[in-house]
Each structure stands twice: as C-alpha cells, then as structure tokens.
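Below you'll find the structure, written out as structure tokens, and then a few comments.
Naming convention: chains lettered A, B, ... in sequence-line order (proteins, then strands); numbering from 1 in each chain.
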Number of protein chains: 2
Amino acid sequence: MNNKKIPEATISRLFVYLREVTELDKVNIRTISSSDLGERTNLSDAQVRKDLGYFGQFGVSGSGYAVGELKQSLEKILGKDKTWNVAMVGVGHLGSALLTYSGFSRHGLEIVAAFDTDIRKIGKTFENVVIKPIDDLSKIVAGKNISLSILSVPAREAQDVADILIEAGVKCILNFAPVSLNVPEHVKVKDMDLSRELETLAYFVAGKTNGKNK
Amino acid sequence: MNNKKIPEATISRLFVYLREVTELDKVNIRTISSSDLGERTNLSDAQVRKDLGYFGQFGVSGSGYAVGELKQSLEKILGKDKTWNVAMVGVGHLGSALLTYSGFSRHGLEIVAAFDTDIRKIGKTFENVVIKPIDDLSKIVAGKNISLSILSVPAREAQDVADILIEAGVKCILNFAPVSLNVPEHVKVKDMDLSRELETLAYFVAGKTNGKNK
DNA sequence: CGAAGTTCGTGAAATATATCACAGTCCAAA
DNA sequence: TTTGGACTGTGATATATTTCACGAACTTCG
C-alpha cells in the first residue's frame, strides 16, 4: 500500500472492477488476470494493476487475481459493508423514477426520505417513502443521519435547496439540476446534467454525422 | 485559434459558459470578465480563458467578454443551430421519466423514437412518441437519421441493445445501464451509472461521516 | 492626453493521470 | 527440481490538463 493521493477516477473504476468480479464469482470463475479484467471493463491491463496497486497487493504473479479474494478486498476498500441513507429532493418525473429505481438499494444506498415543495405531492408514498415538505428536511436529515442526497429540482430552486441540504449536514449531492452549485469545501457535488452530457457526446461526432439545421 | 486537440472537459465546460451567458443576457448584463464567469461556474479565471482560447479571441482586454457576442460564438461552436434526433431504448421507470423530461428539447435534443421489448408497453405514447418494438429499431433509426441514443435497459440486455443501435448507425450512447459497453472506435459512450457516482462521492466523505455498518 | 487600473491571451510550469516496460515472482509440467 | 511461460507490481516515461504569471491591449478618469 502506498500513500499517494488516490485519483477519484481510480475509486470509480474500483466499483467497476467489483461489479465484474462479482459476476465472475457468480459463474464460478476463480481467477482473473489484469488483462482479462481490463478487457471486460474496456481498460488497459496496466490501468487495472495500477488502480489495485494503490491499495495493496492482491495478485499472484503467474496466475492473476483470485476472484473471491479480490471481491472481498474491494468490498472492504469501498465500504460495501456499510449502508448509506440518501435523501431525495424534488419528486418530479425524474425524482419519482429514481425513487422507484431498485438499483440504489442493491448497492447499499437507501433512499429514506423524499422532499418536495408541491403541496399536491406531499403525503404521497413511493416505495415506502412518504414525501415531506422541504421545511421538514433539516430535522429529518439530522434525525436519520443522512449524508448523501439526490437533487432533482428545477434549476432555479437548486441552489436554495442545496443550501438547506448542506446546512442540515448533507455531505454529497448528486445534482441533476443544470446549474453550477456553490458549496463549501467539505461538500462533494457530482453534476448529472443529462442534456449537457448528450450534447458533449454529440459535439465529437458532429460533422461526421447528421444534426439538422434548425 | 490554435490547432491543439481540445479536451472533452473543455467542451463540456463550454456548455456551462453558454448557460451562464444566456442567463446574463436575459438580465441585460452586457459584459463579463473571465474571473466573474469563473466565479459563477466554480472554475478559475484561467480555466475560462484557456477554454475559450481554444476557439479564438472573444475577449476585450480591460473589460472582458461581450455577453451577447460570446453567447453567439458559443452557440456557433457548439452547434446550437442544429437539432439532434435521439432514440430512447428501454422505457421503464427511468426511461419514461426521461421521455417526459422537457430539458432535452430545450437544448435541441428531440427524442423522436422510443423502443422496448415489453409487449405491454409497445404502442403506448409518451409525449407524442409511440413505443415501438426493438425489431423496428434499425429501420426507424436509419429513417429518422438518428445518431444519439439513450440506453436505459436492464444491465443484462444492454450490450445486445447497444450492438443493435450501433449496427443501425447510432454514434453516441448515453448509457444508464451499469455495464461496461463494448463499442467500436467511432462510437462514443458516456456512462451514467447513478449508483456508482453516488458511491464514489460517498467514498470520499466516508470516515468523516456516517455510513452504517450492515 | 497620460497614468492607473483591468483584463485578456498564452507560453511556461506544475500537477494529475495513464501507459510503458521489465525485474521479480509464481505456477505448471516433466 | 529445473525450465518455460504467465503475470504482477511499480518505477520511469509519456500524455493530458490545469494553473501560473506576465506582456500587451484596452478602459477609465483626472
């Protein structure tokens, strides 16, 4: 194990490796080399080894990585023994879709509270989560020890809601609103700007391809 | 204007700048400096100037950038005079939420076709888009000149569907399925793995904060 | 008009990240 | 055991991206 700062991209890839070895484990594959794992994840063998190398030595020269062990190690590193409570703010189309999305809980992410300003939505239930008014956010977030949040409110409300979340003690925001949030140092935001991502992809194939003039 | 390869991150930020100058334009602010624009987007002034510098000289020493001109230039650079047809595959919770999401069309992204394998969904309409069977995908994608796609099918089907999309001529995939897609060189994929993003955020605040042991 | 103060544009430096390449380790087979 | 082949772990190298820093351009004001 070395002490260098670990790139965020490395952590993100670790989850991909974990996903892969979990699959391998299911089908009783016992061993995998960095190059095979790289092939399955569209990464280079060196990248795989380097990423894992930040956390210790998991491999065996000559044969590769023991799938079961690597899976356990990754789970340990990534805190898969933990469960995270998540607050959802903004229960529109996207928010309600995410509330009913079972993928989160499979990964130890439990949406335990949901909030909206729309009085017509308050009191409704999605997947056992009752929608509460934003005014209750602070109390509930503190009470349920929530440090992760998903923000899917309209752009114009996003900053205000983010401020409330942060004030309440939330440390991470997965931000679906197309705005640049201003947050203090200790809070991490990941922007999920769907239009922007799609447009950015489009940029790189434009010319070669077929957007239409308006 | 220089000829160096332009980072993808730069392009992505250009959309952010455009969003910002569009706001500024609405409220009749005529001029903005790189440092002010940086502050509004949580980026450094140098980053702003460098990004814009890839595409020419838009600024005026001493006063900054003319908002209207910069807006027009960015729109030009980013192909905002074009409209993109988008295919949506997989109309589950998430897919249908995205179909009814108006944010795309505001950005020149029109979802003009939607597909699913579930016979119960086929024929239903969301926002004027009729859900078609995957078997029709190839014909429709070619016919409507679609080069962008959103993939929100279950993980196990994702690669097969991606292959079909690519075969049909799609060039970009916004991939919500938690799998590493294998695609040819000329196709661009952006993974939107919501759980992974949230978990990656969580990793960096863990310890300082409060995931619970299972 | 000239001086003081802004702000841009951009090479150069710094930092971050990914790839290379190979010594050393391990396995399998005879 | 010994040999050949497979594979890891990791410094060194290469590439990519961001930040620095400063000359030149422009604006404003007296």
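- In this structure, the ring pair (Phe, Tyr, Trp, His ring centres under 6.0 Å) partners of Phe104(B), at least two apart in sequence or on a different chain, are Tyr101(B).
- Looking only at distances, a side-chain donor or acceptor of Ser96(B) sits under 3.5 Å from a matching main-chain atom of Gly92(B).
- Taking every side-chain heavy atom of Arg49(A) into account, dT8(D) is the closest of dC20(D), dT8(D), dT17(C).
- As rounded to whole Å, 16 Å separates atom P of dT7(C) from atom CG of Leu70(B).
- Nearest approach of Phe176(A) to Leu194(B), heavy atoms of both residues: CZ-CD2, 3.8 Å.
- Annotation: proximity of residues 12-40 of chain A to DNA chain D (heavy atom, distance under 4.0 Å) is found for Ser33(A), Ser34(A), numbered in ascending order.
- Contact check of residues 187-196 of chain B against DNA chain D (heavy atom, cut-off under 4.0 Å) returns no residues at all.
- Under 4.0 Å is where a charged nitrogen must lie from a carboxylate oxygen, and between Lys188(B) and Glu8(B) at least one such pair does.
- With a 6.0 Å radius and a threshold of 12 heavy atoms from other residues, nucleotides or ligands, Glu69(B) has its CD atom at or below the threshold.
- Glu23(A) and Lys71(A) are not joined by a salt bridge, as no carboxylate oxygen comes within less than 4.0 angstrom of a charged side-chain nitrogen.
- Applying the side-chain hydrogen bond (donor to acceptor under 3.5 Å, both in side chains) test to residues at least two apart or on different chains, the pairs with a partner in residues 159-169 of chain B are Gln159(B)-Asp163(B).
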Atom pairs under 3.5 Å, N or O on each side, protein against nucleotides 2-4 of chain D: can you list them with distances?
none

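- With dA18(C), dT8(D), dT19(D) as the candidates, the nucleotide lying closest to the side chain of Lys50(B) is dT19(D).
- Under the 4.5 Å side-chain criterion, counting only non-hydrogen atoms from C-beta, Val153(A) is in contact with Leu151(A).
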Could you go through Arg19(A) and Thr41(A), starting from their C-alpha distance and side-chain angles, then the distance that decides it, and tell me whether this counts as side-chain hydrogen bond (donor to acceptor under 3.5 Å, both in side chains)? CA-CA 10 Å; Arg19(A) 187 169 75 198; Thr41(A) 53; over 6 Å; no

Which pairs, protein N/O on one side and nucleotides 26-30 of chain D N/O on the other, fall under 3.5 Å?
unit_1	atom_1	unit_2	atom_2	d
dC26(D)	O4'	Ser61(B)	O	3.2

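- Using modelled atom types, no side-chain atom of Asp116(B) and backbone atom of Gly90(B) make a donor-acceptor pair closer than 3.5 Å.
- Neither side chain, Ser180(B) nor Asn42(A), offers a donor N or O lying under 3.5 Å from an acceptor on the other.
- For the residue pair Ser12(B) and Arg196(A), a side-chain donor N or O sits within less than 3.5 Å of a side-chain acceptor on the partner.
- Ion pairing between a basic and an acidic side chain is recognised when a charged N comes within 4.0 Å of a carboxylate O; Asp36(B) and Arg40(B) show no such pairing.
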